[in-house]
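Structure record follows, encoded as structure tokens.
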Amino acid sequence: MLSKLPSKLTSFGIAAAFMFTLADLPSVQHNAAAANAKIQDFSISDVTMTDAYCTNAFSKEVEYLLSLDANRLLVGFRENAKMNTQGAQRYAGWENSLIAGSTVGHYLSAVAMAYQNPNLTDAQRKSFSDKLDALLNGMKECQNNSKGRPGFLWAGQVKNPNNVEQQFDLIQQGKTNIINEAWVPWYTMHKMIQGLVDVYNFTGKETAKEIASKLGDWTLARCRTWNQQTHNTVLSIEYGGMNDCLYQLYEITGKEDHAIAADYFDENALHERILRGGANVLNGKHANTTIPKFVGVIKRYEVLDGKTVGGKQIDASKHLKYAEAFWDMVITHHTYITGGNSEWEHFGMDDILDKERTNCNCETCNSYNMLKLSRELYKCTGDKKYMDFYEQTYYNSILSSQNPETGMTTYFQPMATGYFKVYSSPYNSFWCCTGSGMESMAKLGDTIYMHSKDALYVNLYQSS
Ligand SMILES: [Zn+2]
């Protein structure tokens with residue numbers, strides 16, 4: 001699928017994960033989960049990319065991220081907090097819709113990752129730091145002047161000026177008309193919290209943790225109002241990886257409330273259904289709704305297994321089994337040779353990939369999320385099949401999702417014969433895949449190497 005191949009590209013499917021004994025490790029980003037894991041990440045700051053294709057992809061992304069204006073990204077937040085928008089206009093596309101702010105979340109993550117990248121110049125790093133400060137200060141001010149419940153922060157269009165939380169209320173009633181009711185507010189909230197957590201983890205900026213912590217408190221306060229029926233209704237509508245970002249928030253705040261909030265977004269019935277297996281279990285399911293749920297499942301295992309929360313010791317060992325079973329199901333029955341999956345954003349019947357080749361296959365967010373799941377499963381199990389898939393998908397679905405001349409990224413990646421790729425526009429699209437594309441291109445070197453206590457793993461053949 002690549003028009004230009006990275007100079008050190010191997011044929012996909014080759015066994016990845018070669019292992020070398022290592023005497024001196026460079027500095028390592030540690031976290032609580034990593035302490036228990038067999039295999040651990042390096043910091044993005046430890047790996048300098050030298051591959052010409054990847055350094056170009058990264059520099060195009062940096063150019064794009066630097067071109068976005070913090071004041072324009074803040075307009076929605078400021079409007080909803082009834083604050084001065086400083087003469088700025090909202091961006092167009094999805095950033096001028098009910099889910100505005102979702103790109104801001106991806107942007108925070110991408111800029112924070114790029115900030116750590118050694119391929120950045122000092123001047124670029126300073127510009128990114130300034131942009132993050134402008135965004136964080138603006139978001140904090142809006143949160144402190146929230147017109148919703150304490151901690152609420154929101155950039156999406158609001159249909160009822162007297163109720164900035166209206167979409168969350170309507171979702172609880174199952175109302176999802178995206179013209180005049182609600183789109184996917186929890187999906188958007190996930191992106192915002194994840195962006196803030198990433199900024200804290202990658203740059204150490206305390207303001208990001210403070211804002212995210214208050215959003216976590218707001219989330220739990222709302223979850224506690226749900227009866228069982230409301231809870232089921234909310235979980236039936238795309239909510240991204242709310243469990244994933246809240247488990248990560250718990251890791252950095254240590255507040256049990258954030259782990260309890262995350263638990264509201266774990267769907268045990270779905271997990272058990274996947275583990276039981278059988279034919280066509282995923283048929284008709286929205287792929288990019290379902291995959292992040294299992295990224296959250298593996299995160300629960302990594303963060304909570306063996307921990308004590310609310311006076312109870314958590315056994316999350318089964319969550320590793322759930323995530324493994326889901327991964328196997330997607331790879332065995334729903335994945336093209338490029339690593340992508342889905343048609344019109346949905347999984348179909350098992351094993352009918354050829355019959356579903358159209359111009360709308362392989363939503364790029366799905367590949368981005370499957371890579372997130374794969375690298376965590378690899379770290380937990382050490383099974384090289386996860387890195388084989390990672391390598392295949394990284395080259396054929398992720399690197400290939402970017403136009404190397406403009407830096408813009410794809411939504412779908414057509415598998416039907418004769419179709420071509422459509423890339424987002426810089427300031428008028430802001431699709432989900434524009435946002436996940438920002439992140440993918442900002443963290444290109446993050447999986448080339450991993451390590452255990454006394455060994456170095458080389459996962460990808462990429463000059464670095
Ligand atoms: Zn997408």
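For reference, positions follow the sequence shown, starting with 1. Ligands are counted one by one from 1 in listed order, and the atoms in each one are counted from 1 as well.
One finds a salt bridge joining E272 and K318 here, because a Lys/Arg side-chain nitrogen approaches an Asp/Glu carboxylate oxygen to under 4.0 Å. Between R222 and D169 there is a salt bridge, since at least one side-chain N of the basic residue sits less than 4.0 Å from a carboxylate O of the acidic one.
Distance alone, capped at 3.5 Å, places no donor-acceptor pair between the N71 side chain and the A88 backbone.
Checked against the 6.0 Å centroid criterion, the rings of F168 and W218 qualify as a close aromatic pair. A ring-centre distance under 6.0 Å is found for H319 and Y322.
Of all protein N/O/S atoms, those lying under 2.8 Å from the Zn ion (ligand 1) come to 4.
Within the structure, side chain to side chain donor-acceptor pair (under 3.5 Å) contacts touching residues 237-249 (residues at least two apart or in different chains) are Q194-Q248, Y239-E267, N243-D266, D244-Q248, Y247-D266, Y247-R300.
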